[in-house]
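Here the structure comes first, spelled out in structure tokens, and everything after it is commentary.
Numbers restart at 1 for each chain; the letters A, B, ... are given by sequence-line order, proteins then strands.
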Amino acid sequence: MRIATWNVNSLKARLGKLEEWLSCAEPDVVCLQETKMSDAAFPTMAFTALGYESAHHGNGRWNGVAILSRVGLEEARVGFWGEPAESIEECRMVTAICGGVRVTSVYVPNGRAVASEQYDLKLEWLGRLRDDLVATTAADEAVVVCGDFNVAPEDRDVWDISQFLGATHVSKPERAALRELEACGLVDAFRVVYPEVDGLYSWWDYRAGDFHKGRGMRIDLVLVSRALAGRVRYALVDREARKGMGSDRPPSDHAPVFVDIDT
DNA sequence: ATGGTAGCGCTGCTA
């Protein structure tokens, strides 16, 4: 199974590129973030035409997450376990069973600035994600949680750690919250394939032309349960797709990343 | 140099 995650920074603006990329990369499952649209506007038929079932959770101009699957999509649910859908203000999580794997697409809150209210909410959100996993997952289950975590797991996952002094995405509490997910049995699939490789960035700031300067961060992660960790065969950040593929629109500020797993 | 760009949507917020 080839499973991908891509923060598209507006699905409306990126639909053409995404369709191109689906034909090119042929993923079986795709987790999307920042669709920035309502469920009513979600282009279900465009994906059906390419052979993908879909589940989306969005309510307007911010956030919005989706799962596309060409290997089946069942039991879709939005938000955290037990959370009433109508009470969710920010659409940041959708889960479904795809080809025998429980897949979750997450868009973790950005956090804005360390010690801000939004930062505390980010840590709280990651805690709720952990609680969801504990409540719903058996130890031997095939689970993939992927998306934009807005956390760089280690210093080598940013272009220059000295530039991030006191910044979000690299702070100890954020990284500890990520490690809490790993303590639940999730494994960073990229580090299975590339234990020693630096510079596997998935996001570059639009401002200051950071992409072309190689100044990025690895914040888009594919976390797999231990049952799958030994079966990860390949992983890639598709930087070509971050270049724009020759269309008239700019690319997303994130590149798609994917892993191949024997399932 | 407290910058820079992108998206949404029409004013300033979010990233």
In this structure, how many angstroms lie between the [atom2] atom of [N] and the [atom1] atom of [X], rounded?
X: Lys122(A); N: dT14(B); atom1: NZ; atom2: C1'; value: 14 Å
X: Trp204(A); N: dA6(B); atom1: CH2; atom2: C1'; value: 16 Å
X: Asn9(A); N: dA15(B); atom1: CG; atom2: P; value: 11 Å
X: Asp253(A); N: dA15(B); atom1: CG; atom2: P; value: 12 Å

Original post:
Which pairs, with at least one residue in residues 191-201 of chain A and sequence neighbours excluded, count as a side-chain hydrogen bond (donor to acceptor under 3.5 Å, both in side chains)?
Top reply: Asp157(A)-Arg191(A)

Subject >> Side-chain hydrophobic cluster, 4.5 Å single linkage: members besides Val114(A) >> reply: Tyr119(A), Leu123(A)

Original post:
Cluster partners of Leu181(A), using ILVMFWY side-chain heavy atoms under 4.5 angstrom, listed by chain and number?
Top reply: Phe80(A), Met93(A), Val106(A), Val108(A), Trp125(A), Leu126(A), Leu129(A), Leu133(A), Val143(A), Val145(A), Phe149(A), Val151(A), Leu178(A), Leu186(A), Leu221(A), Leu223(A)

**OP:** Determine the Euclidean distance between corresponding C1' atoms of dG4(B) and dA15(B); express it in Å to zero decimal places.
**Re:** 13 Å

Original post:
Just checking Tyr107(A): base, sugar-phosphate only, or nothing, at a heavy-atom cut-off of under 4.0 Å?
Top reply: sugar-phosphate

Original post:
What is the nucleic acid contact for Arg14(A), judged by heavy atoms within less than 4.0 Å: base, sugar-phosphate only, or nothing?
Top reply: sugar-phosphate

Subject >> Residue whose closest nucleotide on DNA chain B lies nearer the 5' end, Asn110(A) versus Leu11(A) >> reply: Leu11(A)

**OP:** Please tell me which of Asn63(A) and Thr35(A) maps to the more 5' nucleotide of DNA chain B, matching each residue to the nucleotide holding its nearest heavy atom.
**Re:** Thr35(A)

Original post:
Ser10(A) side chain N/O closer than 4.0 Å to the phosphate oxygens (OP1, OP2) of dA6(B)?
Top reply: no

Original post:
Counting just side-chain N and O atoms, does Arg112(A) come under 4.0 Å of either OP1 or OP2 of dT14(B)?
Top reply: yes

Subject >> For Glu124(A), side chain to side chain donor-acceptor pair (under 3.5 Å) partners two or more places apart >> reply: none

Subject >> Set of side chain to side chain contact (heavy atoms under 4.5 Å, CB included) partners for Gln163(A), sequence neighbours left out >> reply: Trp159(A), Asp160(A)

**OP:** For the pair Arg179(A) and Asp188(A), evaluate salt bridge (charged side-chain N to carboxylate O under 4.0 Å, His left out) and give the outcome as yes or no after the intermediate values.
**Re:** CA-CA 10 Å; Arg179(A) 281 196 299 273; Asp188(A) 185 338; over 6 Å; no

Listing time: all N or O pairs from protein to nucleotides 1-5 of chain B that are below 3.5 Å?
residue: dT5(B); atom: O4'; partner: Tyr206(A); partner atom: O; Å: 3.4

